Amino acid sequence: MNFGPLIFLGVFFTMACSWFGMIVVPQLQIGGQQPVKLEATGQMYPLPRAGLAQQGAAVYRANGCAACHSQQVRQGPPVFDVKLNDLGTNAAQVADIARKINHAAGAPLPGKNIWRTPVKKDADAAAKRLTDAGAKAAVVIVPTGADIERGWGARVSVAQDYLYDQPLMLGSRRIGPDLANIGARKPGADWQLWHLYNPRLITDGSFMPAYRFLFNEVPRRKDAPPALGALDKTLVAKTFPEPAGETVTDIVPTAEAVALVAYLASLNPDAPLFEAPAPVPPPPAAPATNTPAAVKP
Amino acid sequence: MNAEPQASAPLAEAAPKVGFAAVPIWLIILTALLGYRGCMYVDQFGGGFDPKVYTPYASFKQLDDLQTKDANAEMIQRGKRRYNETCGQCHQAGGLGTPWQFPPLAGSEWVTAPDPARLIRISLHAVQGPITVNGQQWDLIMSLNAITLGISDDDLAAILTYIRQDWGNKAPAVTPAQIAAVKKETGDRATPWTAEELKAVPLK
């Protein structure tokens with residue numbers, strides 16, 4: 001018997017279903033997504049990466065970083081902090097209400113969170129009681145979850161975060177830590193460069209491969225000036241001691257390494273979005289420097 | 001050689017045949033149960049197929065409730081609406097009043113005083129008689145007030161916050177607690193205030 005047409009129809013139907021469900025529907029849902037204007041700062045989000053960071057994304061891709069590092073943060077249900085910004089004129093009454101809310105001894109301090117609850121309605125009610133007494137109180141949404149407790153991100157990753165990424169390097173395995181907000185987590189380009197040159201110099205017991213081919217090793221006489229663009233060795237003074245002989249080796253990052261670090265520094269999706277509410281991030285600190293004091297290995 | 005065909009004859013009879021067999025009933029039930037569970041799961045965690053809804057959020061409405069809303073802006077919006085329904089009939093939508101009939105609220109020192117104690121009294125019980133507003137002499141009979149209109153403390157606080165923070169006025173917001181406090185102080189007063197009485201009210 002000839003079942004050819006039936007088998008063809010079965011296969012066609014199966015493929016059409018998955019094509020429709022995995023290509024057409026997502027395309028209809030998020031295919032037309034546009035940058036949005038952030039209410040907190042008035043900036044557009046996301047902004048395209050700077051040119052050097054875009055080159056770095058290609059280096060990231062070429063070296064297969066996404067095989068071991070994911071770039072997506074997962075999140076559990078949020079909790080709500082009642083934050084007391086200002087005690088107002090009626091401090092005694094506010095303190096009394098705050099004590100009734102959190103059952104804690106001692107007067108509440110302005111600028112501190114006084115209560116945490118998983119129910120938004122309760123937090124709103126508590127904030128209203130404080131506001132009615134003349135204080136300035138606000139409810140702050142705090143995402144929870146294992147990833148966020150590790151400091152890997154401020155909130156769940158959403159499609160908006162990857163609007164300008166092509167190809168999307170989400171990664172599926174976490175052999176190394178998630179890199180979604182690596183730009184905010186590790187301050188200083190120097191740290192990143194040394195870590196790429198040899199992760200063991202910075203993090204003891206790291207099993208990340210060393211990307212020494214992204215660096216030039218330039219030997220020089222000990223009394224000669226260091227090579228142009230050589231990495232500052234104070235950060236790794238303990239783990240990478242100077243040899244005793246006449247010559248030392250300077251580590252000079254190639255353009256690829258610099259671009260990769262620029263890409264890593266650009267990774268920090270922390271803007272509060274409608275679909276991913278989060279506390280408004282503090283304004284960016286002064287640009288990261290190469291001083292060892294700012295580096296926490 | 002002769003024995004071979006005899007041996008293979010039963011094999012030929014046992015060869016598989018093309019045909020149809022009924023699907024076992026347990027397989028149908030299992031498929032139905034799995035399908036049911038799948039639908040329940042999608043219903044529970046699918047977020048209504050809304051592209052804005054990501055795990056752990058369940059629905060657009062839940063996300064909408066989570067948005068940090070500016071309480072002051074909402075209050076002013078509500079105050080504006082209630083003002084236009086009541087006070088704005090005389091004092092006008094722009095707060096400029098009507099010359100020789102209704103005094104202006106925009107820029108008025110009675111409205112923008114840092115302590116709203118006198119403003120709350122005016123809005124609660126009205127004001128009557130000669131009064132100076134923006135350096136101009138008025139002789140008023142204010143016909144409406146919050147108590148006869150039955151405006152709640154919350155709404156009155158919103159209205160007063162609105163008139164203190166729009167049209168270029170920049171004064172601190174009024175809270176329902178302040179209004180309740182003034183109501184307590186004035187007791188069951190029903191007569192309008194005069195400018196002299198109001199000036200006797202201490203400002204913090």
Side-chain angles (χ1 to χ4, degrees), chain A residues 1-3 21 25-33 36 39-40 72-78 80 88-90 93-94 97 119-121 123-124 127-141 143-145 148 155-161 272-280, chain B residues 15-20 35 38 42 44-75 78 114-117 120 152-158 161 172-184 203-204:
Chain A
M1 291 175 81
N2 181 14
F3 285 108
V25 171
Q27 175 66 29
L28 290 175
Q29 281 190 325
I30 57 174
Q33 211 156 51
V36 291
E39 273 177 40
Q72 47 180 332
V73 179
R74 289 173 293 199
Q75 184 196 313
F80 304 92
T89 47
N90 202 350
Q93 198 193 341
V94 169
I97 292 170
V119 185
K120 173 114 193 309
K121 221 186 281 174
D124 282 341
K128 190 171 186 311
R129 279 170 73 189
L130 290 165
T131 315
D132 286 352
K136 278 188 183 135
V139 175
V140 181
I141 182 167
T144 63
I148 285 152
R155 55 164 174 77
V156 63
S157 297
V158 296
Q160 189 78 31
D161 297 330
L273 298 172
F274 178 88
E275 59 265 45
V280 179
Chain B
K17 285 179 185 169
V18 173
F20 294 95
V42 168
Q44 203 173 350
F45 298 106
F49 292 99
D50 193 300
K52 288 274 180 209
V53 180
Y54 292 81
T55 315
Y57 305 108
S59 66
F60 188 86
K61 189 182 172 301
Q62 186 196 2
L63 271 168
D64 197 38
D65 290 343
L66 287 179
Q67 301 306 313
T68 44
K69 294 184 177 86
D70 190 344
N72 198 48
E74 256 176 53
M75 197 180 185
R78 182 161 54 102
D115 181 5
I120 294 173
S152 70
D153 287 4
D154 271 359
D155 278 356
L156 184 57
T161 303
V174 177
T175 63
Q178 283 172 316
I179 290 166
V182 170
K183 271 189 178 170
K184 212 170 157 188
L203 290 183
K204 271 179 267 177

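Sequence lines set the chain letters: A, B, ... in the order given, protein chains first and strands last, and positions in each chain run from 1. Side-chain atoms are counted along with the backbone in the values below, which use heavy atoms only and exclude waters and symmetry mates. Quick caveat: nothing in here was measured; it's all calculated off a predicted structure.
Listed for the A:Gln29 side chain is a donor-acceptor partner under 3.5 Å among the backbone atoms of B:Phe49. No donor-acceptor pair under 3.5 Å is formed between the side chain of B:Tyr54 and the backbone N or O of A:Gln75.
With a 4.5 angstrom heavy-atom cutoff, A:Val158 touches chain B via backbone and side-chain atoms both. Neither the backbone nor the side chain of A:Ala138 comes within less than 4.5 Å of any heavy atom in chain B.
Across A:Asp132 and B:Thr175, no two heavy atoms sit closer than the pair O-OG1, 4.4 Å. Across A:Gly76 and B:Pro56, no two heavy atoms sit closer than the pair O-CG, 3.1 Å. In terms of heavy-atom proximity, B:Gln67 sits nearest to A:Pro277 at NE2-CG, 4.1 Å.
Comparing A:Arg74, A:Lys120, A:Lys128 by how many heavy-atom pairs each has under 4.5 Å with chain B, the most go to A:Lys120.
Rounded to the nearest 0.5 angstrom, B:Tyr57 OH and A:Glu275 CD are separated by 10.5 Å.
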